[in-house]
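Order of the sequence lines sets the chain letters (A, B, ...), proteins ahead of strands, with each chain counted from 1.
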Amino acid sequence: MRKYKSHIARKLSSLTGMDESDIGSLIETPPSDDLGDLAFPCFSLAKSLKKAPAAIAGELKGRIEPDEFLERIETKGPYINFFIDKKRLIASVIAEIAGAEENYGGSNEGSGKTIVIEYSSPNIAKPFGIGHLRSTVIGAALKRIYSHLGYSVQGINHLGDWGTQFGKLIYAFKQWGDEARLKENPIEHLYEIYVKIHQWEEEDPGIADATREEFKKLENGDEENTALWERFSDLSRVEFEKIYKMLGVEFDSSPGESFYVDKMPAVEKSLMDLSLLVKSKDATVVDLEKYGMPPALIRKSDDTSLYATRDLAAAIYRKNEFDFHKMIYVVGVAQTLYFNQLFKVLELMGNKWVADCHHASFGWIKLGDEMMSTRKGNIVFLDDVIAKTIEKTKAIIEENSPGLPEPEKVAFEVGVGAVIFADLAYRRDTDISFDWAKMLDFRGYSGPYVQYTHARISSVLRKYGKGVPANCDSDLLKLPEEFAMAKILSRYSDIIDKAAREFEPFHISSYLLELCGVFNTYYQKYKSAEDRILSTDPGATDARISLINAAGIVLRSGLRLLGISAPEMM
RNA sequence: GCGCCCAUAGCUCAACUGGAUAGAGCGUCUGACUACGGAUCAGAAGGUUGGGGGUUCAACUCCUCCUGGGCGUACCA
């Protein structure tokens with residue numbers, strides 16, 4: 001579709017003198033197909049030409065001739081509407097997808113460039129709730145999307161394995177730690193004593209001093225505390241690994257915050273050299289009042305470090321290590337101010353590359369009308385959700401597809417797919433309302449719906465009995481849905497670009513649903529012997545098979561980018 | 001208090017970043033299975049886009065005020 005846009009932009013540019021890319025960004029899709037395939041609104045020319053937009057449209061239309069790309073051109077009021085040459089579009093889309101296969105929609109725009117993405121980043125000793133899923137799934141999708149565009153991507157799991165909380169944890173474990181329970185279910189046990197110490201602190205402020213002291217000892221290398229911390233950390237990592245394996249999520253490294261502890265002094269030294277550090281209320285801070293922000297805390301009054309200290313070190317380390325083209329932090333919206341502060345401090349340190357750092361924030365997951373949070377204790381566990389979606393899938397398979405090969409494997413793929421899709425079906429910044437009924441509803445727009453459509457296409461291809469024809473006469477594809485499908489397929493690369501540009505995997509989910517909708521209508525609407533995909537006309541059948549094969553490839557590709565598998569049968 | 005974000009069909013979300021008649025799914029009602037897979041499809045009903053004012057050829061989108069919610073706001077991450 002991009003080719004057609006720039007073709008039109010080039011023509012209009014030579015006629016009006018307007019910048020080609022300016023025109024390109026004005027070109028839009030008409031609200032309905034019978035108005036045309038692409039449109040140019042003439043309002044922006046009205047001022048410079050001092051004429052009514054509608055008049056300009058009429059005049060320009062008279063000076064554009066249809067050509068091999070454009071079948072005809074019409075005007076409607078101030079809009080010039082372009083009708084794309086259908087046969088050409090269908091033929092080229094089929095050929096392009098068949099040629100590129102799984103690489104369709106990709107590019108090499110990222111070759112030689114590295115993108116660093118920080119995502120997931122759960123806290124050691126805290127349960128992996130469905131809230132952590134968002135960062136994990138969005139980040140993993142972005143990683144695949146950027147890879148598809150030729151970037152080299154560094155996926156980093158910035159585990160919360162350092163900080164004041166470990167003082168609490170160590171103190172609590174020394175009080176109530178149970179070796180057997182720690183081995184059996186480390187996260188559950190650690191979280192339990194963490195909650196307990198938290199409550200105790202609220203009742204007795206003296207305890208807070210004691211827990212702070214434990215963290216201080218840890219940061220100063222105390223042997224006993226370091227040993228405890230190491231065990232907590234190792235055990236938690238093993239637990240998280242199980243979840244990542246289930247979700248099919250991978251990282252290039254999982255250094256955790258602790259990795260940057262020995263890199264903090266250098267950062268603090270340069271802050272000092274730049275006279276950016278100020279003592280304030282016994283703490284060490286970077287004053288940001290000039291920029292309308294509260295100060296960035298670098299060192300607490302008890303002389304221990306903070307997350308900002310470690311994040312500064314991490315950012316600088318990553319720039320040196322990877323020389324990234326972009327760095328993306330997939331972190332919740334609650335930390336927006338914090339990232340503004342972090343980026344500002346990096347800027348004040350003279351790091352121009354801070355302009356390449358982005359906070360890809362995401363909204364909360366609500367349970368009822370409350371935000372889900374570990375603190376409030378109203379969280380839903382990821383394990384439970386996945387277990388239930390798998391169970392539900394099994395029930396449906398038993399009902400609808402008895403005798404399906406590898407039912408366990410398929411149930412797993414569909415169940416996990418449902419969970420991932422449910423998370424990526426919304427724009428990042430919207431708060432998601434978690435609802436069991438909705439989660440377990442595989443009808444309508446959902447992950448299983450997309451997978452089902454893919455399986456359906458696979459089924460027709462199987463029934464066709466031969467390999468997808470190498471050549472076909474696509475001129476035989478005359479049904480409106482066939483053109484509509486080709487048009488959607490031609491937009492795939494634009495969608496991927498947009499998803500990458502805006503850090504929004506949602507655009508891909510939304511696109512896949514649109515594609516499924518058109519295919520399913522097409523599939524269901526034409527039942528006569530001549531109009532079906534597998535029809536009495538061998539030529540038309542070959543052409544239709546070629547088209548739906550292309551649709552199948554795109555569905556598979558899109559699902560893969562989202563991190564969802566595409567079973568052939570389900 | 002100050003700052004940022006949100007408010008769209010009964011519910012959950014879209015709307016190409018200022019463009020043509022605001023669209024989907026679920027729910028409700030009505031239809032399509034001796035099937036190229038019904039985990040599907042077709043149709044109907046459902047809206048003063050929270051409210052007022054403004055900016056302009058054009059506002060769900062931008063500015064302003066109001067109402068109602070959320071988050072953040074120095075020693076948590």
Side-chain angles (χ1 to χ4, degrees), chain A residues 25-32 35 39 41 43 46-47 52-53 76-79 81 121 123 126 160 162-165 168 212 257 280-285 292-302 304 306-308 310-311 331-338 340 361 363-364 366 369-371 375 393 396-397 399-401 414 418 425-427 429-433 435 437-438 441-446 448-449 451-453 455-464 494 498 502 506-507 510 513-514 516-517 520-527 532-535 541 544-545 548 569-570:
Chain A
S25 58
L26 285 172
I27 292 176
E28 58 190 63
T29 310
S32 87
L35 285 169
F43 303 104
K47 266 190 189 148
K76 173 141 188 181
Y79 291 90
N81 293 326
S121 315
N123 293 319
K126 282 194 192 164
W162 203 257
T164 316
Q165 62 196 11
K168 298 185 193 192
R212 269 198 290 275
E257 289 187 61
S280 169
K281 298 179 189 170
D282 287 335
T284 311
V285 309
M293 287 185 274
L297 275 276
I298 302 297
R299 206 156 270 277
K300 294 188 287 191
S301 47
D302 66 1
T304 54
L306 284 119
Y307 59 125
R310 301 184 285 273
D311 273 355
V331 180
V333 69
Q335 293 187 45
T336 301
L337 172 61
Y338 168 68
N340 288 337
S361 60
W364 300 82
K366 291 184 290 186
D369 52 3
E370 276 214 319
M371 305 304 185
R375 266 175 138 186
T393 309
I396 296 176
I397 289 175
E399 173 81 18
N400 295 350
S401 320
V414 174
Y426 304 90
R427 304 198 69 115
D429 280 318
T430 39
D431 296 338
I432 297 180
S433 311
D435 174 26
K438 204 176 161 193
D441 188 358
F442 297 171
R443 293 142 57 239
Y445 283 10
S446 65
Y449 170 77
Q451 290 173 315
Y452 178 77
T453 308
R456 208 178 211 186
I457 289 174
S458 304
S459 167
V460 179
L461 294 176
R462 266 195 312 276
K463 244 173 204 154
Y464 175 68
D494 305 71
K498 196 175 170 191
E502 299 179 5
F506 152 79
H507 286 129
S510 160
L513 290 172
E514 189 187 345
C516 288
N520 283 319
T521 300
Y522 172 60
Y523 178 90
Q524 201 101 12
K525 185 168 167 184
Y526 302 101
K527 290 183 170 166
R532 327 174 357 142
I533 297 166
L534 300 174
S535 71
T541 300
R544 287 171 188 153
I545 284 293
I548 70 159
M569 292 186 254
M570 58 189 272

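- In this structure, the CG atom of D429(A) is 17 Å from the C1' atom of rA15(B), given to the nearest Å.
- Close to rC36(B), at under 4.0 Å from its OP1 or OP2, lies a side-chain N or O of R532(A).
- When the salt bridge (charged side-chain N to carboxylate O under 4.0 Å, His left out) test is applied to R427(A), the partners found at least two apart in sequence or on another chain are E502(A), E504(A).
- L306(A) comes within 4.0 angstrom of sugar-phosphate atoms only, judged by non-hydrogen atoms across all strands, and of no base.
- The shortest distance between the side-chain N/O atoms of K527(A) and the OP1/OP2 oxygens of rC41(B) is not below 4.0 Å.
- Taking 4.0 angstrom as the limit, T521(A) places none of its side-chain polar atoms (N or O) nearer than this to OP1 or OP2 of rC41(B).
- Residue I533(A) is the one, among Q165(A) and I533(A), whose nearest nucleotide of RNA chain B lies closer to the 5' end (criterion: closest heavy atom).
- Within 4.0 Å (heavy atoms only), S301(A) reaches at least one base atom of the nucleic acid.
- Rounded to an integer number of Å, the gap from NZ of K438(A) to C1' of rA24(B) is 12 Å.
- As the counterpart of rC4(B), rG70(B) is assigned, both hydrogen-bonding distances of the Watson-Crick or G-U wobble pattern falling under 3.5 Å.
- In terms of phosphate contacts, R462(A) brings no side-chain nitrogen or oxygen within less than 4.0 Å of OP1 or OP2 of rC36(B).
- To the nearest whole angstrom, the two P atoms, one in rG18(B) and one in rU12(B), are 27 Å apart.
- rU17(B) atom P lies 12 Å from atom CG of D494(A), rounded to whole Å.
- Within 4.0 Å (heavy atoms only), Y526(A) reaches at least one base atom of the nucleic acid.
- Nucleotides rG54(B) and rA45(B) are separated by 34 Å at their P atoms, to the nearest Å.
- Put simply, the side chain of S401(A) and the base of rG37(B) share a donor and an acceptor less than 3.5 Å apart.
- Proximity of a side-chain donor or acceptor of T521(A) to a complementary backbone N or O of G517(A) within less than 3.5 Å is detected.
- Summary of the strand contacts: D282(A) and N400(A) both lie near RNA chain B, and taking for each the nucleotide with the nearest heavy atom, the more 5' one is attributed to N400(A).
- At least one donor-acceptor pair closer than 3.5 Å links the side chain of T541(A) to the backbone N or O of S535(A).
- Here the side chains of K76(A) and N81(A) are in contact, with some heavy-atom distance below 4.5 Å.
- Panel note: side chain S446(A), backbone Y449(A); a donor-acceptor pair is recorded below 3.5 Å.
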Can you give one letter per nucleotide of nucleotides 67-74 of chain B, going 5' to 3': B for a protein heavy atom under 4.0 Å from the base, S for sugar-phosphate only, - for none? ---SSSSB
All N/O pairs under 3.5 Å across the protein-nucleotides 19-22 of chain B interface:
unit_1	atom_1	unit_2	atom_2	d
rG19(B)	O2'	E28(A)	OE2	3.1
rG19(B)	O2'	Y79(A)	OH	2.2
rA20(B)	N6	N81(A)	OD1	3.0
rA20(B)	N1	N81(A)	OD1	3.2
rA20(B)	N1	N81(A)	ND2	3.3

Kindly determine whether S433(A) and D435(A) satisfy side-chain hydrogen bond (donor to acceptor under 3.5 Å, both in side chains), including the steps that lead there. CA-CA 6 Å; S433(A) 311; D435(A) 174 26; over 6 Å; no
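- Rounded to an integer number of Å, the gap from CD of E502(A) to P of rA15(B) is 9 Å.
- When the side-chain nitrogen and oxygen atoms of Y523(A) are compared with OP1 and OP2 of rG37(B), one or more of them lie within a distance under 4.0 Å.
- Two rings, from Y307(A) and Y338(A), have their centers less than 6.0 Å apart.
- Picking from rA32(B), rA15(B), rA24(B) the nucleotide with the shortest atom distance to the side chain of Q524(A) gives rA32(B).
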